[in-house]
Amino acid sequence: MNLILFGPPGVGKGTQAEHLRDNYALHHISTGDILRAAVKAGTPLGTEAKRYMDSGALVPDEVIIGLVEEVLEKDKQENKGFLLDGFPRTEEQAKALDNIFHKLQIADVIIISLDAPEEELVERLIKRGQESGRSDDTEETIRRRLVVYHDQTSPVLGYYKKGRKVKEINGLGKVEEITDRIKNAVGS
Ligand code: AMP
């Protein structure tokens, strides 16, 4: 099984991804985590990505697409199912991902769209910023990331809805309740 976890910042993709990874033995691929690791390690990718991330903008498509392709190719070779978290975030990325799926002959992908009201997202992200110290979880950057989400990322959902079934999940409630909703949707 392969999953794409889609949704705005703060909706709980990372938290749900950890549960789903354990439950279905999937390789959790978080592009945000990959980029943060690169920033921490001070690699050329990290240096380039940091300025975008700190301002709440998206890292350029050509940077992120190649990176995801490499990981998916390796998973395919090792016969591992994947769980994509935070990718695709633009229509360009979604189209590139379709090409990668075609090339690697991956057909069984379930798209899960998590959603919650905007004020709830802002509240959660501010709280996360206070707890984790993530440098892009300041109120100003949070608002900008939500604008970027509406402008550049939410059209991806429209793209997917044209040709595929999208499982829409309410992201409000207890973590376990949301995990159960996703498991029910995936199992059906
Ligand atoms: P996340 O942890 O998924 O919230 O990602 C944190 C930041 O990493 C985002 O605000 C972007 O700057 C960058 N990022 C993560 N995934 C992507 C992606 N698929 N495309 C472009 N930028 C990304």
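None of the values given here were measured: they were computed from a predicted structure. Ligands are counted one by one from 1 in listed order, and the atoms in each one are counted from 1 as well.
Using a 4.0 Å cut-off between charged nitrogen and carboxylate oxygen, Glu168 and Lys161 count as a salt-bridge pair. Using a 4.0 Å cut-off between a side-chain N of Lys or Arg and a carboxylate O of Asp or Glu, Arg143 and Glu139 qualify as a salt bridge. A salt bridge between Glu176 and Lys174 is absent, with no side-chain N of the basic residue lying under 4.0 Å from a carboxylate O of the acidic one. Look at Glu140 and Arg144 and you find a salt bridge, because one of the NZ, NE, NH1 or NH2 atoms lies within 4.0 Å of a carboxylate O, short of that distance. A salt bridge does not link Asp85 to Lys13: none of the charged nitrogens lies less than 4.0 Å from a carboxylate oxygen.
Contact analysis leaves Pro9 out of contact with ligand 1, as no non-hydrogen atom separation drops below 4.0 angstrom. Heavy atoms of Lys13 stay at 4.0 angstrom or farther from ligand 1.
Between Val166 and Ser113 the shortest heavy-atom distance is CG1-CB, 3.7 Å.
Tyr159 and Asp98 share a side-chain donor-acceptor pair at under 3.5 Å. Of the N and O atoms on the side chains of Thr141 and Asp54, not one donor lies less than 3.5 Å from an acceptor on the other residue.
With ligand atoms numbered from 1 in the order given, ligand 1 contributes 18 (C), 19 (N), 20 (N), 21 (C) to contacts under 4.0 Å with heavy atoms of Gln93. Those atoms of ligand 1 that come under 4.0 Å of a heavy atom in Thr31, given as number and element, are 15 (C), 16 (N), 17 (C), 19 (N). In the vicinity of Arg134, heavy-atom distances shorter than 4.0 Å reach the ligand 1 atoms 1 (P), 2 (O), 4 (O), 6 (C). Interface of Leu35 with ligand 1, defined as ligand atoms under 4.0 Å from a residue heavy atom, comprises 8 (O), 13 (C), 14 (N), 15 (C), 23 (C).
Here the protein heavy atom with the shortest distance to atom 12 (O) of ligand 1 is Ala57 O, 2.6 Å. Given atom 19 (N) of ligand 1, the protein heavy atom at minimum distance is Gly86 O, 2.9 Å. Atom 22 (N) of ligand 1 has its closest protein heavy atom at Val59 N, 3.0 Å. Among all protein heavy atoms, the one lying closest to atom 1 (P) of ligand 1 is Arg89 NH2, 3.5 Å. Residue, atom and distance of the protein heavy atom nearest to atom 8 (O) of ligand 1 are Met53 CE, 3.5 Å.
The N/O atoms of Ile64, backbone and side chain alike, include none that comes under 3.5 Å of an N/O atom in ligand 1. Geometrically, ligand 1 and Phe87 share no nitrogen or oxygen pair separated by less than 3.5 Å. Of the polar atoms of Asp136, none of the N or O atoms is found under 3.5 Å from an N or O of ligand 1, judged by distance alone. Here's the thing with Tyr52: none of its N/O atoms is less than 3.5 angstrom from an N/O atom of ligand 1. Ligand 1 has no N or O atom lying under 3.5 Å from any N or O atom of Gly56, backbone or side chain.
Hydrophobic clustering, with ILVMFWY side chains joined whenever heavy atoms are under 4.5 angstrom apart, groups Ile106 together with Leu97. Grouping the Ile, Leu, Val, Met, Phe, Trp and Tyr side chains by contacts below 4.5 angstrom, directly or via other members, places Leu45 with Val71.
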